[in-house]
Amino acid sequence: MSLHLQSLPAPRFSLEKTLNSGQVFHWVPCKGGFAGTIAEDVVYFEQNGETLSFVGTDESSAVSYLALDHPLDEILNSFPDDAAMKLAAEYSVGIRIIRQPSWECLATFLTSAVKQVHQIRAMSFAIRHRFGRRLQCGDLCAYSYPSPETLATVGSEQLIECKLGFRARNLLSTARMVAGREFDLEAIRKLPTEEARRALVQLPGVGEKIANCVLLFAYERLDAIPIDVWIARVLSEAYFKGRGKIPMPEMKIFAANYFGAYAGYAQQYLFHHWRLTYRKKG
DNA sequence: ATCCAGGATAGCG
DNA sequence: CGCTATCATGGA
């Protein structure tokens, strides 16, 4: 690294787990750390023990993006006291729910429907490389996520070439609504969570699950709990054992009541643990 | 080859 | 409300 690295303390933090836990999809392993972008800055992070080093951004942005200021004790103490949660929390030590720029978070999760995590990464890289800005700093290079204005002008065939399939149409329509100021992503920030959710699901391709991802990963609503196929699996196998298929409304009610003020954190730890350890028939 | 993936949506009874 | 087909693509 030719550029000067700054350092800051990062106790009980795991850079690798945080960037690889399925909440953000564009960080690349690079020289012992990770290279990527924060908005329009190309950034490099590396971790040695409890020290986090970085270049390409300032300390307050690094702390904010990686959520090093979250009240970890309070969060961990808020979790329900059961075996599945304990296992997940132990497996996921160091994961923070980071603060992502709202547009790239919304756009990326719009493409996430019925795709595996590494496919979501592949689509994200393809979109960035093709339509984003090339950002370079020293020997670091990465591509920013294209703005809604940029995506609003591209053809659907170009997004199909990025392997979006039926998701291309939704991403295009949403980009046009945001670019045309028909939908205000900044106004969402000021709304109570329930109203923000109602607004987000107005967007084409955004249902309750993706709205909750955006609320959790971009708008700091740490109680928002997206229920995807993995969380549905965790709930039915760990909390509804022995009963057949549980109707989604019942799962939502249970999740909202059982997992407390930091349900989104609990969800992320359960997701990470189950996704990386689950094996069929055992 | 068959089933599934960090879903949403319209249509049905 | 609850169930189903459909959407497009690649991985397991």
Side-chain angles (χ1 to χ4, degrees), chain A residues 17-27 88 91-92 95 97-98 100 104-127 155-175 177 183 197-219 221-222 224-238 240 243-255 259 263-282:
Chain A
K17 285 188 207 173
T18 295
L19 298 182
N20 283 329
S21 59
Q23 53 178 316
V24 65
F25 304 92
H26 70 282
W27 291 90
Y91 190 84
S92 304
I95 292 181
I97 296 207
I98 72 174
Q100 300 183 45
E104 62 181 68
C105 181
L106 167 62
T108 303
F109 276 99
L110 253 174
T111 70
S112 72
V114 208
K115 283 286 190 186
Q116 297 174 331
V117 168
H118 75 270
Q119 296 178 302
I120 302 170
R121 280 176 69 85
M123 291 184 289
S124 169
F125 285 123
I127 290 172
S156 58
E157 327 76 41
Q158 296 175 277
L159 289 179
I160 297 288
E161 287 169 17
C162 296
K163 309 301 183 186
L164 268 69
F166 63 82
R167 304 154 194 84
R169 175 182 172 76
N170 292 330
L171 179 57
L172 261 185
S173 302
T174 294
M177 289 175 68
F183 193 93
R197 186 180 292 111
R198 276 203 298 275
L200 285 168
V201 298
Q202 299 298 107
L203 292 167
V206 179
E208 200 162 342
K209 188 269 171 182
I210 291 179
N212 280 331
C213 286
V214 178
L215 288 169
L216 177 61
F217 300 133
Y219 291 106
R221 310 306 165 97
L222 300 183
I225 171 164
I227 301 181
D228 72 323
V229 291
W230 285 100
I231 296 302
R233 187 172 291 150
V234 174
L235 294 184
S236 52
E237 292 194 20
F240 291 91
R243 305 177 43 187
K245 344 181 198 321
I246 309 300
M248 185 56 80
E250 189 173 348
M251 288 205 183
K252 289 193 282 196
I253 292 170
F254 172 80
F259 292 104
Y265 255 94
Q267 168 275 150
Q268 192 64 16
Y269 286 10
L270 289 166
F271 174 84
H272 180 71
H273 175 50
W274 280 68
R275 188 172 76 87
L276 296 188
T277 61
Y278 185 81
R279 296 289 180 274
K280 292 163 196 165
K281 303 183 172 78

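Just so we're on the same page: letters track the sequence lines, and every chain starts at 1. Keep in mind it's a predicted model, so treat the numbers as computed, not measured.
For A:Gln119 and B:dC4, the CD to P distance is 15 Å, given to the nearest whole Å. The distance from atom CD1 of A:Ile127 to atom P of C:dT9 is 14 Å, rounded to the nearest whole Å. If you take CG of A:Leu172 and P of C:dC7, they are 19 Å apart, rounded to a whole angstrom. Taking atom CD1 of A:Ile120 as the reference point, atom C1' of C:dG10 lies 13 Å away to the nearest angstrom. Remark: C1' of B:dG6 and CG of A:Leu235 are 14 Å apart, rounded to the nearest angstrom. When the P atom of B:dA5 is taken as reference, atom CG of A:Leu276 falls 15 Å away, rounded to whole Å. Residue A:Met123 contributes atom CE, which lies 12 Å from atom P of C:dG11 at whole-angstrom precision. Distance CD1 (A:Ile253) to C1' (C:dC1): 12 Å, rounded to an integer number of Å.
Within the structure, every side-chain polar atom (N or O) of A:Lys163 is placed at least 4.0 Å from both OP1 and OP2 of C:dA8. In this model, the phosphate group of B:dC4 is not approached by any side-chain N or O of A:Arg233 to a distance below 4.0 Å at OP1 or OP2.
On a pure distance criterion of 3.5 Å, no polar donor-acceptor pair joins the side chain of A:Glu250 and the base of C:dG2.
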*Carefully, step by step, assess A:Ile246 and A:Phe254 under the rule side chain to side chain contact (heavy atoms under 4.5 Å, CB included).*
CA-CA 11 Å; A:Ile246 309 300; A:Phe254 172 80; over 6 Å; no
*asked:* Pair A:Arg197, A:Tyr219 - check side chain to side chain contact (heavy atoms under 4.5 Å, CB included), show working.
replied: CA-CA 11 Å; A:Arg197 186 180 292 111; A:Tyr219 291 106; over 6 Å; no
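At the heavy-atom level, A:Leu164 lies nowhere under 4.0 Å from the strands shown. Looking at heavy-atom distances under 4.0 Å, A:Arg167 makes contact with a base. Residue contacts shown for A:Gln268 include a base, since a base heavy atom lies under 4.0 Å away. At the heavy-atom level, A:Pro226 lies under 4.0 Å from base atoms of the strands shown.
Below 30°, between 30° and 60°, or above 60°: for A:Phe109 and A:Phe217 the angle between ring planes is below 30°, a parallel geometry.
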I'd like a list of close polar pairs between nucleotides 7-9 of chain B and the protein, N/O only, cut-off under 3.5 Å.
{"residue": "B:dG7", "atom": "OP2", "partner": "A:Val114", "partner atom": "N", "Å": "2.8"}
{"residue": "B:dG7", "atom": "O5'", "partner": "A:Val114", "partner atom": "N", "Å": "3.3"}
{"residue": "B:dA8", "atom": "OP1", "partner": "A:Gly207", "partner atom": "N", "Å": "2.8"}
{"residue": "B:dA8", "atom": "OP1", "partner": "A:Gly207", "partner atom": "O", "Å": "3.3"}
{"residue": "B:dA8", "atom": "OP1", "partner": "A:Ile210", "partner atom": "N", "Å": "3.0"}
{"residue": "B:dT9", "atom": "OP1", "partner": "A:Gly205", "partner atom": "N", "Å": "3.1"}

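Checked against C:dT9, B:dG6, C:dG11, the side chain of A:His118 finds its nearest nucleotide in C:dG11.
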*For DNA chain B, produce a single dot-bracket line, 5' to 3'. Pairs: Watson-Crick or G-U wobble, both distances under 3.5 Å. Symbols: ( ) within strand, [ ] crossing, | other strand, . unpaired.*
.||||.|||||||
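B:dA5 and C:dG2 are spaced 22 Å apart, taking the P atom of each and rounding to whole Å. Separating the P atom of C:dC1 from that of B:dG6 is a span of 27 Å, rounded to the nearest Å.
At a threshold of 4.5 Å between non-hydrogen side-chain atoms, the residues A:Thr174 and A:Leu110 count as touching. Using a 4.5 Å heavy-atom threshold, the side chains of A:Thr18 and A:Gln23 count as touching. Within the 4.5 Å cutoff, the side chain of A:Pro204 has heavy atoms near those of the A:Met177 side chain.
A:Arg275 CZ: more than 12 foreign heavy atoms inside a 6.0 Å radius.
To the nearest 0.5 Å, atom OH of residue A:Tyr269 and atom CD1 of residue A:Ile97 are 7.5 Å apart.
A side-chain contact (heavy atoms from CB on, under 4.5 Å) with A:Leu171 holds for exactly one of A:Leu106, A:Leu159, A:Thr108; it is A:Leu159.
Put simply, A:Phe271 rests on the base of B:dG6: the two rings are less than 5.5 Å apart at their centres and nearly parallel, under 30°.
Residues satisfying the side-chain contact (heavy atoms from CB on, under 4.5 Å) criterion with A:Pro249, sequence neighbours excluded, are A:Pro247.
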